[in-house]
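Right, one structure below, let's go through it.
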Protein chains: 2
Amino acid sequence: MDESRDADAVPGRSCRTDPSCYCQLGGVLELLSRKHAIQVICLVGETGPVRYGEIEDAFGAVSSSTLSARLDELVGAGYLAREQYDEIPPRVEYDLTTTGEQLQQRLQPLLEWAVIHEEFEDAPTET
Amino acid sequence: MDESRDADAVPGRSCRTDPSCYCQLGGVLELLSRKHAIQVICLVGETGPVRYGEIEDAFGAVSSSTLSARLDELVGAGYLAREQYDEIPPRVEYDLTTTGEQLQQRLQPLLEWAVIHEEFEDAPTET
DNA sequence: CTTCAACACTTCGGACTCCGAAGTATAAAC
DNA sequence: GTTTATACTTCGGAGTCCGAAGTGTTGAAG
C-alpha cells in the first residue's frame, strides 16, 4: 500500500482517480449547474450555428443578461465558438467546438429522456 | 401555414412536440441545474444506499444546508428515496428510485467524460 | 431631418440561491 | 456532567438570476 493515498490529503486533485470522491469535480459540472447551460449546449448542437436572438426565442423565458452570461462562460470554457460578422444590424453566431460536441453527445440522451419523462409525469400513477 | 402553430400561443405545452423549442423544459433540468444535483444522483447511483454523512464526506465542500435542500428536492421529485431508521444516533439512507436510476444512467456518461476531460485540461495546449 | 426598426447585447435594483459556522435533539459512553 | 455521534436547521452575508429598460449602429420610412 502506498501512503500517497488521497483520503484527506489534497482535496480536488487525486480525487480524479478515486471513484468514491465527488468533491467538486470542478469545471464542467460547475458550468452545467447554472441556469440553461445544458439546454444551450443541446440547442446549439441540434440546430447548428445559431444567432443570439434565435436562442432567446427558443427559450422564451430567459433574461438576456443571464443568457449572455451563460454564452460567455461556455465560450470561455471552450465549448462554444462565437463568430461575429461586421454587418448592420449586427450578426453573431454560436456553434459547438469539438469539445462542445463531445459534451453535447453526453447530454443528448438526458435531454431526450427528460422530454419524454415530463410528458408522462402527469399520467395516472401506478403506485 | 396553419395558425394552429405554437409560436406564441401556449408556452410550455406544445413545446414538447416541437424539437426546436427549448422553453424551460421544466422539472428535471431545472432540478439538475442546481448545485451538486448531478453529482448527488451519480454518487448514490454508484454506491447504493448512502447515509447523509457519507454524501457530505464524498463532496468535501458542500454546505449542509444546501445539500439537505438538494436531497429534499430530489426526494420530492421522486428520484431519491429516503429511509429513516429510528436509532440513536439517527440513521438515514438515501437510494435511487426506479426513475432515479433512469436518470442516473443518462448522467453517468457525462460524469465519466467530465472526469477524463478535466484530467487533460491542464495538458499542454496544441492551439 | 427625424423617427423607426433590427440586432446583440448591458445595466441596475430587487428577488432568489448558496455558503459556512453555529445550533438542535437524543442517548449512550466516559 | 461532559463528550460523542448523526442528521439535519437557522441565520446573516455573499453570490446568482430576473426582467424591464437602455446602448450603439445604420439604412429605410415618413
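The figures here come from the full heavy-atom set of this structure, side chains too, leaving out hydrogens, waters and symmetry mates. Chain letters run A, B, ... following the sequence lines, proteins first, then strands; residues in each count from 1. Predicted model, so just to flag it, every value in this text is computed and none were measured.
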Whole angstrom value for the distance that separates [atom2] of [N] from [atom1] of [X]:
X	N	atom1	atom2	result
Gln84(A)	dC9(C)	CD	P	7 Å
Phe59(B)	dC18(C)	CZ	P	13 Å
Leu80(A)	dC9(C)	CG	P	12 Å
Ile55(A)	dC7(C)	CD1	P	14 Å
Glu93(A)	dA8(C)	CD	P	9 Å
Gln39(B)	dC18(C)	CD	C1'	15 Å
Glu83(A)	dA8(C)	CD	P	14 Å
Tyr94(A)	dA8(C)	OH	P	9 Å

Open item on the list: Taking the side chain as everything from C-beta on, heavy atoms only, tell me whether Thr97(A) gets closer than 4.5 Å to Leu80(A).
Closed with: no
Task: Contact check, side chains of His117(B) and Thr99(A), non-hydrogen atoms, under 4.5 Å - done: yes
Task: Along DNA chain D (nearest heavy atom to each residue), the more 5'-positioned of Tyr52(B) and Glu73(A) - done: Tyr52(B)
Open item on the list: Need to verify one output field. Residue with the more 5' nearest nucleotide on DNA chain D, Ile88(A) or Thr66(A)?
Closed with: Thr66(A)
For [N] and [X] - does any side-chain N or O of the residue sit under 4.0 Å from the phosphate oxygens OP1/OP2?
X	N	value
Ser68(A)	dC9(C)	no
Arg51(A)	dC9(C)	no
Arg91(A)	dA8(C)	no

Open item on the list: Show the nearest heavy-atom pair for residues Gly45(A) and Leu96(A), with the distance to one decimal.
Closed with: CA-CD1, 3.4 Å
- [ ] Could you tell me how the ring of Phe59(B) sits relative to the ring of His36(B): parallel (under 30°), tilted (30 to 60°) or perpendicular (over 60°)?
- [x] perpendicular
TODO: Classify the side-chain pair Gln105(B)/Glu101(B) by whether it contains a donor and acceptor separated by less than 3.5 Å.
DONE: no
Task: Nucleotides bounding contact with chain B, strand DNA chain D, heavy-atom threshold 4.0 Å - done: dA5(D) to dT10(D)
For residues 64-76 of chain A, which side-chain N or O atoms pair as donor and acceptor with protein atoms under 3.5 Å away, sequence neighbours left out?
residue, atom, partner, partner atom, Å
Ser65(A), OG, Ser63(A), OG, 3.3
Thr66(A), OG1, Ser63(A), OG, 2.8
Arg70(A), NE, Glu73(A), OE1, 3.1
Arg70(A), NH1, Lys35(A), O, 3.2
Arg70(A), NH2, Glu73(A), OE2, 3.1
Glu73(A), OE2, Arg34(A), NH1, 3.1

Task: Sugar-phosphate only, base, or nothing, as touched by Tyr85(B) at under 4.0 Å among non-hydrogen atoms - done: nothing
Task: Tyr79(A) vs Leu31(A), side-chain contact (heavy atoms from CB on, under 4.5 Å): CA-CA, chis, key distance, verdict - done: CA-CA 11 Å; Tyr79(A) 301 114; Leu31(A) 209 55; 3.7 Å; yes
